[in-house]
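The structure appears right after this line, and notes come after that.
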Amino acid sequence: MGRKSPSLPSDRNRNNGTSSKKFKGTSEGKNRKKRMVKRMRKSSLSKAEKSFQVFNQVDEHVNKYENLDLDASDKETRSVRRKKSHVSDDILVIDEEDNDDGYDDYDGHYDSPRPSVPVVDVESENEETVSSAQSPQLSVETSENGLEANEDFIALSNSSEEETEAEEDADHSHGAAVEEPLSPSKRTTNTDYPWILNHDHSKQKEIADWLTMEIKDFVAYISPNRQEIEIRNRTISRIRAAVKELWPDADLHVFGSYATDLYLPGSDIDCVVNSASGDKENRNSLYSLASFLKQRKLASQVEVIAKARVPIIKFVEPHSQIHIDVSFERTNGLEAAKLIREWLQETPGLRELVLIVKQFLHSRRLNNVHTGGLGGFSIICLVYSFLHLHPRLVTGEIDPRDNLGVLLIDLFELYGKNFGYDDVGITVQDGHPAYIPKREWRDLQPGRNPFTLAIQDPGDPTNNISRGSFNLRDIKKSFAGAFDLLTDRCFELDMATFKDRVGRSILGNVIKYRGKPRDFNDERDLVENKAIIENENYHKKRTRIVHEEVFTDYSSDEALNGKDEDAYHIEEPVRKKRAIKPKNSPKDNGREKKKQSVDSLMGISNNDEEEGEDDYNPLEARESSETTEKENTEDSEVNASGKPEAGLKKITVDAQTRRDYWLGKSNA
Ligand SMILES: Nc1ncnc2c1ncn2[C@@H]1O[C@H](COP(=O)(O)OP(=O)(O)OP(=O)(O)O)[C@@H](O)[C@H]1O
Ligand SMILES: [Mg+2]
């Protein structure tokens, strides 16, 4: 085990058991709190910490640009930008007005805290009527309508204005006022915070350790049990079977939080349909699948969003009540799922912090990209980069698993108070998180408002995955509020007597979990998550095909399709498959294959440009083996602008000759 964070000296003896309320709001209290936060961290700054602070530029420019930011009406317009087109066969067909992704149109949580539109399924009113409490957002977002009902001081802030210090203090005390006082008579029952039931850590000497333990308890509490995993597995199997029945050349794969084990109890399941013909991403196909699923009673509350940048259908699977999003003919989500699982393996603490931040934003309705919130993918990248750039983790000074509490506080402080959103972007390319000056990100669309979050898509450097999170102001404010709440609470409990601490929660008011009672059974080890297995198989199969490419004669189709013992048959991504050109003759094919094999075995790429492993498409490789020589020859004789180099004689050599030439040179 690594070292723990420096301890928090207990102040309990000093105040002789007097409640810390005494200091609340007073300058003495504030100073003490500041001192305590300082003590939670290391007082002396290491070199790495100093450089970290340089990156965390304070948003000096925020006020300057405030007037340029979206005002409330803009926000509203954006949040209801969807245009309902028509209802056909009880399926809502929606034409998007803008070019946004279909990803994450609603937050995908059926326990969403916002009021939702009561939905009646017209076809089978009695059978599939979903209570409004359970129902997902069917159509147009009701946007801010429900905010008044939320007692949280952070979410209540509708202002697009950055707060002055005085306002922050006012908000802060408001936040503190909703916390339960530490008097036994008014104590909130710990069923309000069910994850602390029978998990009392109030005897911990160090508050930071208590918080770490509570984070772990909460994560165990919301992690899935056997039954929940089985329900999700069955749900996918049903839909997959239906997809294959409708389109025998297609298959359904899962990506997103179910394929990464980063889902909350109410999270949606993100799926994608890929087909051999590659022709399913069109309005007709979307509609066909939607009505087929509806007819088979596998979908209720169906929406078809055909004109988005990522066209999708959305529905609720009636048996499980799980929300499903289905996109079409793309593999980036499947790649991202694999990448995120790798991140989770190599980054202790990532899963815990992601789930806490997800729950935190979810409870404040700030996780819905459609209303400007922060989506799951962005949260993962934010936490991943935070952990990899944290100076005390970079230097190995502390073990993240033992210091989740301190890290959570640091994370809220960084993204709530210090991060220079105006100028700094985040990249997580090639597993190397870094801060990048926004001005150096060529593909970043310059907007009129510089106060935006910019996170480079690990699978596509031109894509800013958080471009939809236009409500950054409230997101930032909520993080800042969480920092204040947490440090207040730590201070308060640190000052209290052991007797007064019993049955308390540190996290309770921050994460505001309001779900059905659960057990603590994290049973992910007991039952397979089929989405993960299937995603692993998908990638294994790709690797296997690449491997077989080297050793197998591809004149027979069996080599590609005949050895599929996977639970789910995985079709190769479509667009690439379509690119395969007919071969001239079996003989030529054999020769090409042989050449390719020798080259590959020797580690010699036939392409002048090195391809990343993830970019490799086995089927494309078959095609490239046919065209390589031509391309190589041409490539070597063109300049940067793609024009033939003047004065160079065009010579055509095959790969073998070229390799012999270079081998001869190096041996000489
Ligand atoms: N803006 C985006 N650009 C590109 N891909 C995206 C974008 N948003 C989402 N995705 C893809 O969709 C997947 C699911 O994204 P999402 O934001 O739903 O996260 P999630 O982990 O499923 O969280 P949640 O449980 O809250 O749904 C991501 O892993 C990514 O592959
Ligand atoms: Mg999702």
Side-chain angles (χ1 to χ4, degrees), residues 98-113 136-137 222-224 228 232 235-236 253-272 274 308-312 314 322-328 330-344 350-351 353-384 426 428-429 443-445 452-470 529 531-532 535 538-539 614:
D98 61 8
N99 203 23
D100 244 346
D101 284 354
Y103 285 125
D104 243 345
D105 262 338
Y106 55 68
D107 69 359
H109 294 259
Y110 52 80
D111 58 347
S112 177
Q137 200 68 16
I222 45 112
S223 288
E228 286 168 320
R232 281 179 178 253
T235 303
I236 304 168
H253 311 296
V254 179
F255 63 103
S257 59
Y258 187 43
T260 54
D261 251 347
L262 287 172
Y263 55 102
L264 293 175
S267 285
D268 64 357
I269 301 183
D270 301 290
C271 305
V272 57
N274 285 321
R309 207 171 74 119
V310 180
I312 54 168
K314 291 164 148 333
I322 294 174
H323 292 241
I324 314 280
D325 278 10
V326 184
S327 53
F328 296 82
R330 54 193 68 232
T331 54
N332 56 343
L334 302 174
E335 301 293 342
K338 177 175 180 258
L339 185 70
I340 292 166
R341 285 201 308 276
E342 284 165 9
W343 288 358
L344 287 163
L350 180 60
R351 180 166 188 270
L353 293 185
V354 164
L355 289 174
I356 296 280
V357 174
K358 267 190 174 185
Q359 170 58 34
F360 169 79
L361 290 171
H362 169 56
S363 68
R364 285 154 180 81
R365 277 172 271 134
L366 287 170
N367 65 328
N368 179 351
V369 177
H370 202 63
T371 49
L374 202 58
F377 196 27
S378 297
I379 296 172
I380 294 165
C381 293
L382 276 187
V383 179
Y384 177 68
I426 289 172
V428 286
Q429 297 295 309
D443 297 295
L444 192 65
Q445 304 287 336
T452 55
L453 181 58
I455 305 172
Q456 215 168 34
D457 185 341
D460 173 8
T462 65
N463 181 27
N464 172 14
I465 62 166
S466 55
R467 70 186 175 284
S469 303
F470 61 84
N529 171 328
I532 294 182
N535 191 261
Y538 168 84
H539 290 288
D614 278 354

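Numbering starts at 1 and runs along the sequence shown. Just follow the structure's listing: the first ligand is 1, and inside any ligand the first atom is 1.
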Is [X] close to ligand 1, meaning an N/O of one under 3.5 Å from an N/O of the other?
X: Ser257; value: yes
X: Tyr263; value: no
X: Phe377; value: yes
X: Ile465; value: yes
X: Gly376; value: yes
X: Asp270; value: yes
X: Lys358; value: yes

Any idea which atoms of ligand 1 are less than 4.0 Å away from a heavy-atom of [X]?
X: Ala336; value: 31 (O)
X: Phe255; value: 12 (O), 13 (C)
X: Asp457; value: 4 (C)
X: Ser267; value: 25 (O)
X: Gly256; value: 14 (C), 22 (O)
X: Gly333; value: 31 (O)
X: Asn463; value: 3 (N), 4 (C)

Original post:
So, is Asp325 placed with an N/O/S atom under 2.8 Å from the Mg ion (ligand 2), counting both backbone and side chain?
Top reply: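 So Asp325 does not bind the Mg ion (ligand 2) by this criterion.
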
Original post:
Among Gln359, Arg364, Arg365, which residue meets the side-chain contact (heavy atoms from CB on, under 4.5 Å) test with His362?
Top reply: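 Between His362 and the candidates, side-chain contact (heavy atoms from CB on, under 4.5 Å) is satisfied uniquely by Gln359.
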
Original post:
Just by distance, do the side chain of Asn274 and the backbone of Arg330 share a donor-acceptor pair under 3.5 Å?
Top reply: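 Yes: the side chain of Asn274 pairs with the backbone of Arg330.
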
Original post:
Do the side chain of Ser327 and the main chain of Cys271 share a donor and acceptor less than 3.5 angstrom apart?
Top reply: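 Yes; judged by distance alone, with no hydrogens or angles, the pair exists.
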
**OP:** Flag the pair Phe377 / Asp457 as yes when at least one side-chain heavy-atom distance between them is below 4.5 Å, and no otherwise.
**Re:**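 Touching, per the 4.5 Å side-chain cut-off.
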
**OP:** Measure the spacing between CG of Leu350 and CH2 of Trp343 and express it to the nearest 0.5 Å.
**Re:**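 Interatomic distance, Leu350 CG to Trp343 CH2, rounded to 0.5 Å: 8.5 Å.
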
Original post:
From Ile356 CD1 over to Leu361 CG, what is the distance, rounded to the nearest 0.5 angstrom?
Top reply: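 Going from CD1 on Ile356 over to CG on Leu361, the span is 11.5 Å.
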
Original post:
With distance as the sole criterion, is a donor-acceptor pair present between the side chains of Asn464 and Ser466 under 3.5 Å?
Top reply: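 Present: a donor and an acceptor within the cut-off.
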
Subject >> OD2 (Asp270) to the Mg ion (ligand 2) to OD1 (Asp268) angle, given to the nearest 10 degrees >> reply: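 Here the angle at the metal atom is close to 100°, to 10°.
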
Original post:
Taking 4.0 angstrom as the limit, do Glu228 and Arg232 come out as a salt bridge?
Top reply: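 Looking at Arg232 together with Glu228, the answer is no, because their closest N to O distance does not fall below 4.0 Å.
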
**OP:** Over 60° means perpendicular and under 30° means parallel, so classify the ring planes of Tyr258 and Tyr263, tilted if in between.
**Re:**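 Plane angle over 60°, so perpendicular.
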
Subject >> Per-residue contact class, Asn367 against ligand 1 - non-hydrogen pairs under 4.0 Å >> reply: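 Neither; no heavy atom under 4.0 Å.
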
